[in-house]
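We use all heavy atoms of the structure for the numbers below, so side chains are in, but hydrogens, waters and symmetry mates are not. The sequence lines fix the lettering, A, B, ..., with proteins before strands; numbering per chain opens at 1.
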2 protein chains.
Amino acid sequence: MADRKRPRTSRLSARDWADAALDAIRDGGLAAVAVEPLAARLGTTKGSFYWHFSGRDALVTAALERWEERETEAVILEIGEAGTPGERLRRLFRITTAAAARESGPIELALLADAGHPAVAAAVRRVTGRRIAYLVDLFAEHGCPPAEARQRALLAYTGYLGHAQLARSVPGALPRDEEAADYVESVLRALLSGGRREP
Amino acid sequence: MADRKRPRTSRLSARDWADAALDAIRDGGLAAVAVEPLAARLGTTKGSFYWHFSGRDALVTAALERWEERETEAVILEIGEAGTPGERLRRLFRITTAAAARESGPIELALLADAGHPAVAAAVRRVTGRRIAYLVDLFAEHGCPPAEARQRALLAYTGYLGHAQLARSVPGALPRDEEAADYVESVLRALLSGGRREP
DNA sequence: CGACTTCCATACGCTGCCGTACGGTTTTTC
DNA sequence: GAAAAACCGTACGGCAGCGTATGGAAGTCG
């Protein structure tokens, strides 16, 4: 998030550019990663950019690396290990739906959109894999046999993605406030009921 | 999907341009709606375009109208009225997941991505509203009280969107063939079990 | 067949972005 | 504190796409 528009206190690093590029991706897609506009937003010029990077592609790559780095270190660990799988899932949903309701949405949304770019596709593939694997573990621990766990994990994740989509583009279609909490509970019921090994 | 590359038999109509624009949107997003490339793909030149349209925005608008037209007339009616709500939902899922697995995905995916454009946002809002309303009816008929019906409809639709997303960008994460059928059944179980008025 | 409308091709200028060249300024190092 | 390194500003050339202008070709109607 890196407060954009700091008054150019010191000089810039490659990381600053990568973060700015991520910001741009979030609310403009890959196409918004344009050197000159970014330079303007950072209060600098292309001269800076082409010193740190060989070109636009290098910036995109760096931004993707930075994204994977962040998402790896942050998101899943925030849930912690405490509680039953159901409770962890509840925490996860609360966090993600709240996040989706606030800002312009998670970055993967924008990235999924232009998965035409090979580097983007690869990064998205990796992150998606990690997340679904995490969810599969959760459902397995909840008592689902492997196949069922995988299916429920998939439904949970596709539901998350779709939710994020709607939050960004048709926010009016989603419940707010207490209704949102009810909705999360309803989804949890649907996801956790039945399908366990020993009922 | 409107066989592109017909050998320029006769002259072009505005609809031809709109369809070509929709094709472009499907696999390149709104940014791919560029007059000169489209002209090349249609085997004509800008001269034609600027006779039929006032400019790029007009083309985008026309394409969106065409999309709404198609999706209104086609998709929901294909399900028909026969069978229980559960069976209709099964048909719907079968159709949509199969469609997502084949081509480059439904157009709304690309459109959701750049919902920054006001006309796009409006069109997406309308279509989303219609679809969710349809699903709400389905769950209501299945026996869910209104609030529950709305929540399940939402989960179903967000699940659909996320599924389409993954199908386009991380197809490897989704089940195929018989597993896909199992998955649909699993999702149906999750969506239809419990939550009815009179259990 | 000729006038008249409809439709398309070509040529042009404009803008936004990429990438390069190079001189200048700041910071580091000794 | 001066040379070296790191960093940035500015000016340029190039390309792609938008939109305009204008001359024709292809259909239509008397």
Query raised in the report: Does the base of C:dT6 carry an N or O that pairs as donor and acceptor with the side chain of B:R11 under 3.5 Å?
Result: yes
Report task. In plain terms, say whether A:E148 and A:R152 are close enough for a salt bridge, that is, a side-chain N and a carboxylate O under 4.0 Å apart. Result -> yes
Query raised in the report: Where along residues 50-59 of chain B does a heavy atom fall under 4.0 Å from DNA chain D?
Result: B:Y50, B:G55, B:R56
Query raised in the report: Aromatic ring centroids of A:F49 and A:W17 under 6.0 Å?
Result: yes
Show every donor-acceptor pair shorter than 3.5 Å between a side-chain atom in residues 107-127 of chain A and any protein atom, with sequence neighbours excluded, or say none if there are none.
{"residue": "A:E108", "atom": "OE2", "partner": "A:R131", "partner atom": "NH1", "Å": "2.7"}
{"residue": "A:E108", "atom": "OE2", "partner": "A:Y160", "partner atom": "OH", "Å": "2.8"}
{"residue": "A:D114", "atom": "OD2", "partner": "A:L30", "partner atom": "N", "Å": "3.1"}
{"residue": "A:H117", "atom": "ND1", "partner": "A:A119", "partner atom": "N", "Å": "3.1"}
{"residue": "A:R126", "atom": "NE", "partner": "A:E68", "partner atom": "OE1", "Å": "3.1"}
{"residue": "A:R126", "atom": "NE", "partner": "A:E68", "partner atom": "OE2", "Å": "3.1"}
{"residue": "A:R126", "atom": "NH2", "partner": "A:E68", "partner atom": "OE2", "Å": "2.6"}

**Report entry** Side-chain touch B:Y157/A:H163, heavy atoms, less than 4.5 angstrom
**Finding:** no
Report summary line: Correct closest heavy-atom pair for B:P85 and B:L138 would be CB-O, 3.4 Å
Query - Short side-chain N/O contact from B:S48 to OP1 or OP2 of C:dA9, under 4.0 Å - result: no
Requested in this report: Return the value, rounded to whole Å, for the distance between atom CD of A:E36 and atom C1' of D:dC15.
Outcome: 13 Å
Query raised in the report: Do the side chain of B:E179 and the main chain of B:R176 share a donor and acceptor less than 3.5 angstrom apart?
Result: no
Report task. Can you tell me the distance, in whole Å, between the CH2 atom of A:W17 and the C1' atom of D:dC8? Result -> 10 Å
Report task. Measure from the side-chain heavy atoms of B:L12 and tell me the nearest of C:dC18, C:dC8, D:dG17. Result -> C:dC8
Requested in this report: Taking only the side-chain heavy atoms of A:T45 (C-beta and beyond), determine which of C:dC18, C:dA9, D:dT10 contains the nearest atom.
Outcome: D:dT10
Requested in this report: Take the protein atom CZ of A:F49 and the nucleotide atom P of C:dA21, then report the distance between them rounded to whole Å.
Outcome: 16 Å
